[in-house]
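Structure, as structure tokens:
Residues: numbered from 1 along the sequence shown.
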Amino acid sequence: MGRDRAIVTPFPGTTRDAIEELVFLEGFPFRFVDTAGIRESDDPVERIGVERARACLKQADVVIAVFDRSQPLEAEDWELARSIRGRPHLVVLNKSDLPPKLSREELERLYPGETILEVSALTGEGKEALLQALVEYVQHSVGPEEDLALLTARQKEELTGILGSLEEALKALEGEVSLDVVGVLVDEALLGMKRLIGEAVDEEVLRTLFSQFCIGK
């Protein structure tokens with residue numbers, strides 16, 4: 001994310017709920033979901049978090065399996081490996097800034113022949129390689145850029161409007177127009193983006209929906 005988003009401590013079980021954020025990487029929208037670790041716990045709240053993590057895992061388009069490089073493999077790690085076997089995933093060793101107690105060779109026994117990325121969430125080391133691996137996965141999944149197409153005319157119109165608002169905002173900045181005007185144009189672009197990904201629905205979208213589809217009570 002490039003900023004602090006979640007509470008982090010050295011103690012297992014700190015993350016309880018699923019935390020979501022939308023990030024655009026090279027034009028692709030990624031909805032990252034940070035979940036509780038999949039492990040056994042006597043804490044009823046943490047157990048709910050683990051069940052939510054399992055549900056997110058089933059729905060994810062690609063799973064980032066994160067292992068603690070500073071600790072040896074535990075039973076939970078083997079369970080995680082089994083959970084994502086056969087699903088699209090990336091394997092990541094975190095805490096590359098600490099002395100290793102988990103070697104790449106040990107992890108390769110869980111994921112033979114797979115690429116293993118090393119990162120440090122604390123220092124940011126390896127972050128760019130991880131993000132690039134995600135982008136390359138999506139590019140490989142959807143095919144060449146020239147093969148991509150918008151689903152509807154409304155989406156194309158929405159994107160055109162977003163681009164227009166941003167271009168007008170840039171012109172306003174270059175012309176030293178009031179920041180209030182720039183703010184309105186940026187707000188229009190943001191609202192268009194929310195409509196595009198389904199986070200905002202205005203009356204025009206509803207009219208289009210009801211005019212094109214027969215919706216019963």
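- To the nearest 0.5 Å, atom OG of residue Ser103 and atom CG of residue Leu93 are 8.5 Å apart.
- Connection of Leu166 to Val184 is not established within any shared hydrophobic cluster, with ILVMFWY side chains joined at heavy-atom distances below 4.5 Å, either directly or through further cluster members.
- For the pair Gln71/Leu102, no side-chain contact is recorded, criterion being any heavy-atom separation below 4.5 Å from C-beta on.
- In this structure, the side chains of Glu114 and Glu108 stay at 4.5 Å or more apart for every pair of heavy atoms.
- The minimum heavy-atom distance linking Leu185 with Ser165 is given by the pair O-CB, 3.5 Å.
- The heavy-atom pair separating Gly126 from Val119 by the smallest distance is O-CG1, 3.5 Å.
- Aromatic ring orientation, His89 versus Tyr111: tilted (interplanar angle from 30° to 60°).
- Of all non-hydrogen atoms in Ala129 and Leu117, the two that sit nearest each other are O-CD1, 4.5 Å.
- Leu90 and Val138 fall within the same hydrophobic cluster, where Ile, Leu, Val, Met, Phe, Trp and Tyr residues are linked whenever their side-chain heavy atoms come under 4.5 Å apart, directly or through other members.
- Between Pro29 and Leu22 there is a side-chain heavy-atom pair separated by less than 4.5 Å.
- Following chains of ILVMFWY side-chain contacts shorter than 4.5 Å, one can reach Val135 starting from Tyr137, so the two form part of one hydrophobic cluster.
- Counting only distance, with no hydrogens or angles, the side chain of Arg69 and the backbone of Ser96 share a donor-acceptor pair below 3.5 Å.
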Run the side-chain contact (heavy atoms from CB on, under 4.5 Å) check on Glu20 and Val33 step by step: do they pass?
CA-CA 4 Å; Glu20 299 187 24; Val33 184; 3.7 Å; yes
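- Pro72 and Asp77 get closest at one heavy-atom pair: O-OD2, 4.1 Å.
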Give the intermediate values and the outcome of side-chain contact (heavy atoms from CB on, under 4.5 Å) for residues Asn94 and Phe67.
CA-CA 6 Å; Asn94 187 29; Phe67 295 86; over 6 Å; no
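- Side chain of Glu174 to backbone of Lys171: no donor-acceptor contact under 3.5 angstrom is found.
- A chain of hydrophobic side-chain contacts below 4.5 Å, direct or via other Ile, Leu, Val, Met, Phe, Trp or Tyr residues, connects Leu190 to Leu173.
- Minimum heavy-atom separation, Ile162 to Ala189: CG1-O, 3.8 Å.
- No side-chain heavy atom of Glu168 sits under 4.5 Å from any side-chain heavy atom of Glu188.
- Considering only heavy atoms from C-beta on, Arg104 comes within 4.5 Å of Glu118 through its side chain.
- Within the 4.5 Å cutoff, no side-chain heavy atoms of Thr115 are placed close to those of Val91.
- Under the 4.5 Å side-chain criterion, counting only non-hydrogen atoms from C-beta, Val92 is not in contact with Ile116.
- The local environment of CG in Asp187 is crowded, with over 12 non-hydrogen atoms from other residues, nucleotides or ligands closer than 6.0 Å.
- Atom CG of Asp68 is separated from atom CG of Leu73 by 10.0 Å, given to the nearest 0.5 angstrom.
- Linking Ile, Leu, Val, Met, Phe, Trp and Tyr residues whenever their side-chain heavy atoms come within less than 4.5 Å places Phe28 and Phe32 in a single cluster.
- Atom NZ of Lys95 and atom NZ of Lys101 lie 10.5 Å apart (nearest 0.5 Å).
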